[in-house]
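What follows is one structure encoded as structure tokens, with my remarks underneath.
Protein chains get the first letters and strands the later ones, always in sequence-line order, with residue 1 at the start of each. Model, not experiment: these values are computed from the prediction.
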Amino acid sequence: MTSTGFGKGCHLHLIDGSAFIFRAYHALPPLTRKSDGLPIGAVAGFCNMLWKYISGQNGSNAPTHVAVIFDHSSKTFRNDIYPEYKANRPELPEDLRPQFPLTREATRAFNVACIETEGFEADDIIATLACQARDAGGAVTIVSSDKDLMQLVGQGVNMLDPIKNKAIGPDEVVEKFGVGPDRVVDVQALAGDSVDNVPGAPGIGVKTAALLINEYGDLEALLERAGEIRQPKRRQTLIDFAEQIRISKKLVQLDCQTPLDFSLGSLEVRDPESEALLDFLSRMEFRTLTARVAETLGVEAPAVVSAPASIAPAAPDMPAMGANGYQTLSDLAALEAWIDDIRETGHVAIDTETTGLDEMQAGLVGISLAVRPGDACYIPLAHVEGEGDLFGSGDRLPGQLETAEVLEALKPVLEDPAILKIGQNVKYDWKILARHGISMAPVTDTMLMSYALNAGTHNHGMDELAERYLGHKCIPIKELIGSGKAQIGFAQVAIDKAAPYAAEDAEVTLRLWQHFAPLLSSERVTTAYETLERPMIPVLAGMEMAGVKVNGDTLKRMSNAFAQKMAQLEEEIHQLAGEKFNVGSPKQLGEILFDKMSLSGGKQGKTGAYSTSADVLEDLAAEGHDLPARILDWRQVAKLKSTYTDALQSHVNPDTGRVHTSYSIAGAQTGRLASTDPNLQNIPVRSDEGRRIREAFVATPGHRLVSLDYSQIELRILANVADIPALKQAFRDGIDIHAMTASQMFHVPVEGMDPMVRRQAKAINFGVIYGISGYGLSRNLRIPRAEAQAFINTYFERFPEIRVYMDKTVADAKEHGFVRTLFGRRINTPGINASGPAAGGARRAAINAPIQGAAADIIRRAMIRMHAAIRHLPAKMLLQVHDELVFEVEESAAEDLIAAARQVMEAAAEPAVKLSVPLVVDAGIGENWAEAH
DNA sequence: ACGCTCACG
DNA sequence: GACGTACGTGAGCGTA
């Protein structure tokens, strides 16, 4: 061995970088850096393996030269031979992508050669290096268990499986492929590879391929003499697919001629430079590894703080809000300086200011950035003349950078996988920027961090969080834009007023991130945040931007019909009442019903007003009164018209012709989403007349709407978490769950069951999920309270596990102040120790939360995985309605979509949770939502 | 701004 | 023994 070259006696180790990364990623839970939530699990595993590898090598097998080889780009010469090559590869998990650059950084930090070449796969580089080293008379060990590399094994070249720590020589290759290393490509060419999408010969696997190759010697001989094969089907396959097999061979044959711009000698093993290595490890916040490496290198371990240098300042040193004054950027040089700072720091808090609140229409007015406390800036882009003057010129104010220029400069930063973008409700900013061609990643969200930590305790708006956790009162937006009729748009706000407001928002966001990030792990909600909250941002943004097509003409016609009907009913009502009054006013109606007509039904509520709710009116109608019956009819029509047919039309986006709802991720306490502007989660379905509104939700021509919904998901979760054998068995057997309940309770056979009996059992089943009471059930079923209570008692006798679950859940809530779902979502229960009437409510909420919450978790998991699962189909996910997902798909692919989406939904709990009951998904297809549901 | 009513799961 | 009570949402309307 020489220091300048490579030759006899040298031993080169080639480490397959991707294999290390994937192995590390899948072997470890989704770890995140404590200080900022950056996903870091694969990097941690990678470093551990690399260190173990480097420090553990000794004896005769020790390398003299070593390199880690990475893939560089997805397109290689193989795509020219066969465009479909590796086309089936699933998309990288979102939390893995940003870790790739970090593993390269890690390799360099360990002072190991880090090799990648544009347009070439790691396997080809490995092949080239192995050939060169072997030809120079040295030995080679390829550290990988990838079967595609086994063709390289032979004289002077062997492999090492890093997981099993087992050598792979010619014997092991024969064991795997049935042929020696020199014939491996022939077998692979025949057998194909579904992972890499190498076609091979249909119906021929490794076993058959090896048999054939061993019989005929090699692939060419086999193809030439294919006519001699005795089995007719096999013979025909080899004749018909000869060309495809030859292409397959070219795909699997590794290229030993990759151009390399370094010599083998430069790969010589070097000791790590302890300072650089320890700096990297401590920046990653790997405590154990940092200490271990420091010990081995014989140096002092640097302190690993959960907050890296940039966010470390202790409270007394923490600069005050806006300490350095907020900078307003008006030239590109200043912006470049900020960009440099962001790159250096590795993260940035960002906030966009816009002309309105509808992300699909609002224009970008300015962007604010913050890198560390005390340092924030505002970039005004589209402020116009006109504050305090209704007739302002509307001209763009001077002193602002061009939007296009600013976005062009920021785009590489916002899309850089190694730079974390921090936002407060960042889905909003993500959508605004997406409309300008920027796909922001990776992102993290202080609102969602607060939700993961504090759901149930308080809301998660920025002003509230700033006051609670930073003791800072934000500038109210009203001070800038006013309120009510005199309200102006943000673009009309003077720049010198807008800048401190906007920059403050970015700085508050940064500080909230510093506050929340370490709490995620100490409060044990990192997994919930990383798997249930953060990945929802791009998923929902995509659905919201896609929107759903709504037929405005259909709605208009319905509105007209409803208006006619309302007028008719109104006339009838006035006649029955004997006077004209506002039918829509509960107050006036109550006075007519109960004062004027003296019907039974008392006052209610603290306002002293009569209740005229549907319950009350239904009772009166049942007594034979016409007026309440007509009122109920009128209300139904009025509701449909005002809330649906009228309002929905106004929500059709003029640019897209579609309706774009917005989902709040952190709105509901339990993990459910909430849909707003408009709410598409409460479109009528229960009444025939209301359901017709769904006919206005349509697929574009040539497409279909597909709806998939979970069957009885909450009851299935109840059966699982409360561990109720009878219920679990019923779900496993796929029998009618309500009939089964009735049968168990009332000792009647399921066959020929009275529908009323089943209905009662169904009401009880649902009641249990809500924390049932005799009173509630009696109202729901309209039966005497004593009877309802008797049902409940029987139910608990039959299914005693439910009582146990309820008691345990409430006890948990009291002890910890929160409950958790199966998936680790935390829902706080601050009211649980209250006394008085509120206590009952808090109890029921605590009982319900783990059930409703787990169902919400499951559909979130399905949605997060859906994109990759249906990527190959001409389909888009459009809507979520708690247990239902709605897609739009090209007509011909509808069945394929159902198969793929159902698979994802039914397996959504796994692998985190193995439910003891199956999840079942029903599906429907139609030209509109009414048909599909 | 708040309460009532009612649409959904 | 009395007291209230189903769980989780959002929107439109009338009233103060």
Side-chain angles (χ1 to χ4, degrees), chain A residues 455-456 483-484 581-590 604-618 631-632 634-648 650-651 661-664 667-687 689-691 693-694 709-715 718 763-781 785 788-789 792 827 835-853 855-856 859 879-884 929 933:
Chain A
S483 66
F581 70 103
N582 184 347
V583 183
S585 160
K587 184 167 179 280
Q588 293 179 32
L589 174 65
Q604 279 197 351
K606 22 190 180 271
T607 54
Y610 293 112
S611 170
T612 67
S613 69
D615 266 5
V616 174
L617 298 186
E618 274 164 25
I631 298 280
L632 284 168
W634 182 90
R635 280 202 185 152
Q636 195 200 358
V637 180
K639 177 81 174 179
L640 293 177
K641 182 172 187 295
S642 70
T643 309
Y644 298 105
T645 55
D646 287 353
L648 222 40
S650 70
H651 280 287
T661 185
S662 182
Y663 290 100
S664 43
Q669 322 262 315
T670 54
R672 273 195 179 178
L673 301 177
S675 160
T676 64
D677 308 302
N679 181 355
L680 296 186
Q681 291 181 320
N682 72 345
I683 304 300
V685 71
R686 291 174 189 169
S687 75
E689 194 155 31
R691 187 160 51 237
I693 289 171
R694 295 190 173 218
D709 67 290
Y710 284 109
S711 162
Q712 312 282 14
I713 187 165
E714 290 191 1
L715 270 179
L718 173 71
I764 297 174
N765 274 333
F766 281 115
V768 163
I769 293 172
Y770 301 146
I772 199 163
S773 75
Y775 176 84
L777 185 65
S778 77
R779 276 174 55 109
N780 188 295
L781 286 176
R785 194 167 155 184
Q789 191 56 55
I792 293 170
I827 297 143
S835 57
R843 259 180 63 89
R844 289 189 298 273
I847 291 166
N848 175 257
I851 302 170
Q852 188 179 114
I859 197 163
L879 302 175
Q880 189 251 43
V881 193
H882 309 308
D883 65 356
E884 174 189 11
W929 197 4
H933 185 75

Under the ring pair (Phe, Tyr, Trp, His ring centres under 6.0 Å) rule, collect the residues that match up with A/Phe581, sequence neighbours excluded. A/His574
In whole angstroms, the gap separating P of C/dT9 from CG of A/Asp883 amounts to 16 Å
If the P atom of B/dC4 is compared with that of C/dA6, how far apart are they to the nearest Å? 13 Å
Taking only N and O in the side chain of A/Arg686, is any of them less than 4.0 Å away from OP1 or OP2 of B/dG9? yes
Within this structure, what is the OH-to-P distance between A/Tyr663 and C/dT9, rounded to whole angstrom? 17 Å
Could you check how far CG of A/Leu640 sits from C1' of B/dT5, rounded to whole Å? 13 Å
When rounded to the nearest 0.5 Å, the distance separating CD of A/Glu884 from CG of A/Leu879 is 8.0 Å
To the nearest 0.5 angstrom, please state how far the OG atom of A/Ser611 sits from the CG atom of A/Leu617. 7.5 Å
For A/Gln588 against A/Ser585, the heavy-atom pair lying closest together: N-OG, 3.1 Å
Have a look at A/Ala614 and say if it touches a base, only the backbone sugar-phosphate, or nothing, with a 4.0 Å heavy-atom cut-off. sugar-phosphate
Distance, rounded to the nearest Å, where A/Leu648 contributes CG and B/dC8 contributes C1': 14 Å
How long is the line joining CD1 of A/Ile827 and C1' of C/dT9, in whole Å? 14 Å
The reported gap from OG in A/Ser778 to CZ in A/Arg785 (rounded to nearest 0.5 angstrom) is 6.5 Å
Whole-Å distance between B/dC6 P and A/Ile693 CD1? 16 Å
Can you tell me which stems DNA chain C forms, taking runs of 3 or more consecutive Watson-Crick or G-U pairs with both distances under 3.5 Å? B:1-9 with C:7-15
NZ of A/Lys641 versus C1' of B/dT5: gap in Å, rounded? 18 Å
Using 0.5 Å steps for rounding, measure from the NE2 atom of A/His651 to the CG atom of A/Asn679. 9.5 Å
Going from CZ on A/Arg691 to CD1 on A/Ile683, what distance comes out if it is rounded to the nearest 0.5 angstrom? 14.0 Å
Under 4.0 Å between a side-chain nitrogen and a carboxylate oxygen: does that hold for A/Lys639 and A/Glu689? no
Any salt bridge (Lys or Arg N to Asp or Glu O under 4.0 Å) involving residues 766-781 of chain A? Give me the pairs, sequence neighbours left out, ordered by first then second residue. A/Asp615-A/Arg779
B/S/- contact track for nucleotides 11-16 of chain C, protein heavy atom under 4.0 Å: BSSSSS
Taken to the nearest 0.5 Å, the spacing of A/Trp929 CH2 from A/Leu680 CG works out to 6.5 Å
Can you tell me the distance, in whole Å, between the CD atom of A/Glu618 and the P atom of B/dC6? 9 Å
Quiz: residues 764-773 of chain A side-chain donor-acceptor pairs under 3.5 angstrom, not counting sequence neighbours:
from	atom 1	to	atom 2	distance (Å)
A/Asn765	OD1	A/Tyr795	OH	2.8
A/Asn765	ND2	A/His738	ND1	3.0
A/Asn765	ND2	A/Thr741	OG1	3.0
A/Ser773	OG	A/Gly776	N	2.9

If the C1' atom of C/dT5 is compared with that of B/dA7, how far apart are they to the nearest Å? 22 Å
How about A/Thr645 and A/Ile693: do any of their side-chain heavy atoms sit closer than 4.5 Å? yes
How does protein reach along nucleotides 1-8 of chain C, written 5' to 3' as B (base within reach of a heavy atom under 4.0 Å), S (only sugar-phosphate), or - (no contact)? ---BBBBB
